[in-house]
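Scroll down for the structure; my scribbles are underneath it.
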Amino acid sequence: MSNAQQLGFYATPAHECSYLPDREAITLFADPHFPKNARLYSALADCGFRRSGEHLYMPNCRGCHSCISVRVPVDAFRPSRNQQRTWNRNRDVTVTPLPPHYQQAHFLLYKKYLESRHRDGGMDETGPDDYMNFLTCQWAETVFFEMRLADELLGIAVADIMDNAMSAVYTFFDPACERRSPGRFAVLHQLKQAKAMGLKWLYLGYWIAECKKMRYKNEYQPMEYYIGDAWRRDEDRQGKTYSPP
């Protein structure tokens, strides 16, 4: 990977952590001006990086290792009873893969989701350009998995296709259909699609044991955790905090 050997990285100043109270965070970004492609994306994801818009980043906080990059080995995954119930509950939902193009209905659902889940968090002030700049980029192969019940739009699961993996970028849905567990259904559907495409992993971003809204990621077992510059499997479902060895 000769290009990656020339790639520079930049750390942000310390800023308020978005996930854990009373902590400061530092984010490491790949050079935003460096030309990126699917191969580089795959290589950096394998080192714990994640995409947000055009940027590839990872947490690099002093004295804190709570944010752990996680992925599910697709062939080894077996749904739990609760996950199977979620799947069965959504058998009447049609999921259609769409190109990452702007649609007004999608954007309005995104706004509705943010107003319900992230009110006063800054994201609820987003406009159409912010929305597309957050979810898509020029160099990634992105898919919008549109979830519908008959003609009713239930949600969108945004995912990137890499060389040997799929990355779950973001999922938003109608808060009124929360009893269906659409977020969990979206992950199960992406696992199914990744397996059908012959991909090895589904990346789920960062898992934080102390953060309630991140704990659901540990439900998809077996899970691989990026700890101490290596991917490690751990069947512990109790949500312990890891530190590099």
Side-chain angles (χ1 to χ4, degrees), residues 4 7-32 34 36 40-73 114 117-126 130 133-135 137 140 158-160 162 165-172 183-184 187 201-245:
L7 176 61
F9 297 90
Y10 299 90
T12 66
H15 55 276
E16 182 180 353
C17 179
S18 301
Y19 300 104
L20 300 175
D22 304 321
R23 297 200 195 181
E24 287 190 333
I26 296 174
T27 306
L28 188 69
F29 283 95
D31 184 350
F34 190 87
K36 300 175 181 65
L40 180 62
Y41 186 11
S42 298
L44 288 181
D46 195 45
C47 296
F49 279 75
R50 184 152 176 81
R51 181 181 75 81
S52 177
E54 297 280 344
H55 300 289
L56 290 170
Y57 74 95
M58 70 180 301
N60 190 38
C61 308
R62 299 187 188 99
C64 179
H65 308 288
S66 293
C67 294
I68 299 173
S69 184
V70 293
R71 67 187 185 185
V72 183
L114 292 183
R117 292 297 187 92
H118 301 287
R119 181 171 295 180
D120 301 324
M123 292 181 69
D124 53 336
E125 299 299 326
T126 190
D130 301 312
N133 290 338
F134 168 50
L135 296 177
C137 75
V158 181
D160 289 339
M162 294 183 283
M166 182 181 294
S167 179
V169 176
Y170 198 76
T171 298
F172 55 96
R184 288 176 171 83
V187 175
W201 296 287
L202 175 66
Y203 287 93
L204 293 181
Y206 298 109
W207 170 70
I208 306 170
E210 305 98 309
C211 182
K212 184 177 180 180
K213 66 181 179 181
M214 291 290 191
R215 288 178 191 164
Y216 77 93
K217 297 181 182 183
N218 206 40
E219 297 172 7
Y220 301 89
Q221 295 289 337
M223 182 77 78
E224 294 184 358
Y225 307 81
Y226 192 69
I227 304 166
D229 298 328
W231 289 97
R232 308 168 190 271
R233 286 198 190 184
D234 193 320
E235 299 296 332
D236 177 13
R237 296 169 184 260
Q238 303 305 312
K240 67 182 180 182
T241 302
Y242 293 92
S243 296

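Because the structure is a prediction, the values reported are computed rather than measured. For the single chain, residues carry numbers from 1 onward in sequence order. Values reported hereafter were calculated over all heavy atoms of this structure, with side chains retained and with hydrogens, waters and symmetry mates removed.
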Pair T12-Y57, side-chain contact (heavy atoms from CB on, under 4.5 Å): steps then yes or no: CA-CA 11 Å; T12 66; Y57 74 95; over 6 Å; no
Drop me the distance from [X]'s [atom1] to [Y]'s [atom2], to the nearest 0.5 angstrom.
X    : Y    : atom1 : atom2 : value
R117 : F172 : CZ    : CZ    : 13.0 Å
M214 : K212 : CE    : NZ    : 14.5 Å
Y226 : C67  : OH    : SG    : 15.0 Å
L56  : F29  : CG    : CZ    : 9.5 Å
M58  : Y206 : CE    : OH    : 5.5 Å

Taking all atoms of both residues into account, what is the closest heavy-atom pair of [X] and [Y], and its distance?
X    : Y    : value
I227 : R232 : O-NE, 2.9 Å
R23  : L20  : NH1-CD1, 3.4 Å
I26  : A11  : CG2-CB, 4.0 Å
C61  : A25  : SG-CA, 3.6 Å
R215 : I208 : CG-O, 4.3 Å
H15  : T27  : CE1-OG1, 3.5 Å

Is the shortest side-chain heavy-atom distance between [X] and [Y] below 4.5 Å?
X    : Y    : result
F49  : F9   : yes
V72  : V187 : no
K36  : C137 : no
S167 : Y41  : yes
L202 : Y220 : no

N/O donor-acceptor pair under 3.5 Å between K217 side chain and L204 backbone: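 Between the backbone of L204 and the side chain of K217 there is a qualifying donor-acceptor contact (under 3.5 Å).
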Donor-acceptor under 3.5 Å (K213 side chain, C211 main chain):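 Absent.
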Y170-F134 aromatic ring centre distance below 6.0 Å: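 Yes; F134 has its ring centre under 6.0 Å from that of Y170.
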Carboxylate-amine/guanidinium proximity below 4.0 Å for R50 and D160: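 Between D160 and R50 there is no salt bridge, as every charged N stays at least 4.0 Å from the carboxylate O atoms.
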Pair Y203-R71, side-chain donor/acceptor within less than 3.5 Å: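 R71 and Y203 do have a side-chain donor-acceptor pair below 3.5 Å.
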